[in-house]
Amino acid sequence: MNRSDTLFTAAKKVLPGGVNSPVRAFQRVGGHPIFFNKSSGSHLIDVDGKSYIDYVGSWGPMIVGHSHPTVIKKIQTAVGEGLGFGAPTEIETILAEEVIKLMPSIEMIRMVSSGTEATMSAIRVARGYTGRDKIVKFEGCYHGHSDSLLVKAGSGALTLGEPDSLGVPASLAAHTITLDYNNSAQVTETFARIGDDVAAIIVEPIAGNMGLVPPADGFLQTLRKVCDQHGTVLIFDEVMTGFRVALGGAQSHYGVKPDMTTLGKVIGGGMPVGAFGGRADIMNVVAPLGGVYQAGTLSGNPIAMTAGLATLELIQAPGFFERLAEKSEQLTSGLRMRAEQANVSFSTHCVGGMFGFFFTSANPVTGFAQVMNANTDQFNTFFNSMLQQGINLAPSPFESGFISAAHSSEDIEETLRCAEIAFAAL
Ligand SMILES: *Cc1c(COP(=O)(O)O)cnc(C)c1O
């Protein structure tokens with residue numbers, strides 16, 4: 001038995017499923033999770049000393065590479081000054097100013113400690129601002145695990161939502177309407193009927209939690225239009241895409257301006273940070289200015305702010321996102337070519353520093369129904385072959401992959417060499 005297996009056996013006795021977040025348990029792909037204890041650049045080292053080229057990037061934050069020396073050094077300095085003071089610190093304002101500079105749709109921002117908190121709070125703000133209860137989300141988009149957002153589509157598109165988890169009251173889920181991602185006609189029709197009752201649309205401007213599904217032409221513009229017509233707050237959940245697909249996020253990439261934005265992942269540079277922000281007239285309803293309550297003991301923690309700020313500074317290096325996009329392109333076009341050579345039905349996309357792939361003949365994949373039709377057995381075989389060969393991909397067919405500035409051309413060539421072997425085994 002290797003050390004990861006031993007550690008997993010011990011973990012299962014005290015942590016549900018042996019993990020603190022379900023996807024880490026490897027249930028989708030079979031086998032046992034790898035335990036890591038070191039990271040550097042594009043690589044992770046497991047507890048048995050084996051090295052992997054990593055495409056999980058701690059689920060997105062590690063855009064400058066693991067254990068970047070500048071980030072680590074700044075954190076170490078900050079730690080020496082104190083772990084937190086329970087009072088305002090200057091760095092909270094500096095990080096806020098930095099975010100507002102990079103994402104001009106945000107005029108005011110509040111820091112929280114996770115993406116879930118950010119989306120949950122943004123929904124509360126939108127409801128408080130509009131005085132409405134209903135929200136619209138899209139099937140296959142993930143916005144964290146708060147009750148209002150763990151909802152799937154009901155039996156018909158215009159019916160009330162149903163809980164997507166035990167423990168979520170049906171009466172609460174009933175306020176959430178779930179529509180099809182990329183179906184602009186359905187959005188227009190729904191808003192013609194009930195638009196004036198909808199507090200917010202929340203959407204991943206590039207869906208990244210059902211694999212990667214980019215927005216169809218005109219989809220985000222349609223959301224902007226119906227929100228303008230009905231006084232509905234448009235929330236872009238950029239927890240994954242913010243500072244990941246472009247310096248200004250998906251909103252700058254596609255040129256559509258939301259009313260509110262939620263952030264997480266990269267904004268914390270690997271530490272627990274989330275944030276929600278937007279138009280000042282909307283953010284003015286947040287306590288202590290307004291009547292929407294929101295708070296956090298560790299919100300704006302100076303060590304976490306330091307990691308985030310250091311990361312946001314590094315990604316502003318000239319050409320950073322161009323180089324990142326080139327690497328994603330090198331990887332996905334290489335995968336596409338090798339799948340073709342092996343006669344495997346395969347569809348892959350990338351935007352900036354994120355990528356995704358599906359074992360399917362649907363090309364492009366545009367929504368949840370096609371995602372559900374992709375071949376998960378082939379994914380599992382491919383995943384396990386890659387892992388065996390030292391390539392760490394997300395252990396689920398419904399996750400995106402992440403590239404960092406530390407991934408070299410050689411790393412990607414090595415990954416493609418392994419992929420050739422993995423495709424041949426399908
Ligand atoms: C990761 C993610 C979340 C949840 O963030 P946590 O920090 O895991 O709570 C919300 N929305 C999107 C789009 C995400 O990718």
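Order of listing sets the numbers, starting from 1, for every ligand and every atom in it. Because only heavy atoms are used, hydrogens play no part in the values below, and waters and symmetry mates are left out as well, while side chains stay in.
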Quick one: ligand 1 N/O to protein N/O pairs below 3.5 Å?
{"unit_1": "ligand 1", "atom_1": "7 (O)", "unit_2": "Gly115", "atom_2": "N", "d": "2.8"}
{"unit_1": "ligand 1", "atom_1": "9 (O)", "unit_2": "Gly115", "atom_2": "N", "d": "3.4"}
{"unit_1": "ligand 1", "atom_1": "9 (O)", "unit_2": "Thr116", "atom_2": "N", "d": "2.8"}
{"unit_1": "ligand 1", "atom_1": "9 (O)", "unit_2": "Thr116", "atom_2": "OG1", "d": "2.6"}
{"unit_1": "ligand 1", "atom_1": "11 (N)", "unit_2": "Tyr142", "atom_2": "O", "d": "3.3"}
{"unit_1": "ligand 1", "atom_1": "11 (N)", "unit_2": "Asp237", "atom_2": "OD1", "d": "3.4"}
{"unit_1": "ligand 1", "atom_1": "11 (N)", "unit_2": "Asp237", "atom_2": "OD2", "d": "2.7"}
{"unit_1": "ligand 1", "atom_1": "15 (O)", "unit_2": "Asn209", "atom_2": "ND2", "d": "3.1"}
{"unit_1": "ligand 1", "atom_1": "15 (O)", "unit_2": "Lys265", "atom_2": "NZ", "d": "2.6"}

Review item, side-chain donor-acceptor pairs of residues 202-213, under 3.5 Å, at least two apart:
{"unit_1": "Glu204", "atom_1": "OE1", "unit_2": "Gly208", "atom_2": "N", "d": "2.9"}
{"unit_1": "Glu204", "atom_1": "OE1", "unit_2": "Asn209", "atom_2": "ND2", "d": "3.1"}
{"unit_1": "Glu204", "atom_1": "OE2", "unit_2": "Tyr142", "atom_2": "N", "d": "2.9"}
{"unit_1": "Glu204", "atom_1": "OE2", "unit_2": "Asn209", "atom_2": "ND2", "d": "3.4"}

(request) Tell me, please, which residues at least two apart from Lys101 pass side-chain hydrogen bond (donor to acceptor under 3.5 Å, both in side chains). (result)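 Lys101: side-chain hydrogen bond (donor to acceptor under 3.5 Å, both in side chains) contacts with Glu98, Gln316.
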
(message) Could you work out, with side-chain hydrogen bond (donor to acceptor under 3.5 Å, both in side chains) as the rule, every residue matching Ser39, not counting sequence neighbours?
(response)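 Residues passing side-chain hydrogen bond (donor to acceptor under 3.5 Å, both in side chains) with Ser39: Ser67.
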
(message) So for atom NE2, which belongs to His230, do other residues, nucleotides or ligands contribute more than 12 heavy atoms lying within a distance under 6.0 Å?
(response)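 Enclosed.
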
(message) Centroid separation under 6.0 Å, is that true for the rings of Phe402 and Tyr55?
(response)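 When the ring centroids of Tyr55 and Phe402 are compared, they turn out to be at least 6.0 Å apart.
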
(message) Between Asp259 and Arg279 (salt bridge meaning N to carboxylate O under 4.0 Å), is one present in this structure?
(response)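 So Asp259 pairs with Arg279 through a salt bridge.
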
